[in-house]
Amino acid sequence: MEPSTLEKATVGEIVTADYRTAQVFTAHDIDFCCGGNIPLATICAEKGLDIDQIIQELQAVQQKSGERSPNYGAWSLSFLADYIVNTHHVYLKENDDQIVAYAQKTAAVHGKNHQELIEIAALFAKVAADMAIHLKEEEEVFFPAVKRAEAARTAGLTPDTTDQQIIRTSLTNLYQEHEEIGDAVHTIRHLAKNFAIPEDACNTFRVTYQKLMGFEEDLHKHVHLENNILFPKAAHL
Ligand SMILES: [Fe+2]
Ligand SMILES: [Fe+2]
């Protein structure tokens, strides 16, 4: 993207065009998933960041050779929904319980000297429980309605009014839940002081922080694919 295009684009649009740019936003603590609707110029002004510098960093990433991220925006919604389930939902189902257990174990061992671990363990347990309900709604209610509505549109038909209603109602809930889960994960990072490992940390402590960072990274991409690509298109079915 040219500097003039980047300046006017929203953060979500920039990440949609090339997911590799997400690393620049993460490095500057710019939210590209739940806060993806904000133009780059606005967020830079809000955060007191030098926009020319950010544009340079974005372009450096965009111009790197090597593997580009897939063009998720070009996929059908049905394919994107399946991709999200098979990568991000599977990741969460395979890892959430283990991370809860690690966080609780670390809190039990180190909670006396590191009070924040007790808060982190409690907060993450809530995130994992909320996430399980959220995934169920997407997989059993929202995505099937999106798939039926998209199939209808492809066949030149108007989607069922029930499906349109399901999509509208689900979207309100799902956006809200992304916001809540995103806020909780942001709080965990803050409590963990950006996941800096203290000197007295044992191996379990280290692994817990690594896993929490992995969770956060996966969540950002997952929510980006839904909030910036799938949800806005589903709203127009
Ligand atoms: Fe999801
Ligand atoms: Fe979601």
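Note that ligands are numbered from 1 as they come in the structure, with each ligand's atoms numbered from 1 the same way. Nothing fancy with the numbering, it's 1 onward along the sequence. All values below were derived from every heavy atom in this structure, side-chain atoms included, with hydrogens, water molecules and symmetry-related copies excluded.
- Ring geometry, F32 versus F25: the interplanar angle falls from 30° to 60°, so the pair is classed tilted.
- Aromatic ring centroids of Y72 and H224 lie 6.0 Å or more apart.
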Can you check side chain to side chain donor-acceptor pair (under 3.5 Å) on Q176 and T172, steps first, answer last?
CA-CA 6 Å; Q176 173 71 25; T172 313; over 6 Å; no

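- The two residues M1 and I14 make their nearest non-hydrogen contact at CE-CA, 4.1 Å.
- I197 forms part of a hydrophobic cluster together with Y91, L92, I99, V100, L117, I120, L123, F124, V127, M131, L135, I181, V185, I188, L191, F195, F205, Y209, L212, M213, F215, L219, V223, judged by ILVMFWY side-chain heavy-atom separations under 4.5 Å.
- Within a 6.0 Å sphere centred on NZ of K233, heavy atoms belonging to other residues, nucleotides or ligands number more than 12.
- Inspection of the environment of the Fe ion (ligand 1) yields the following protein N, O or S atoms under 2.8 Å: H89 NE2, E138 OE1, H222 NE2, E226 OE2.
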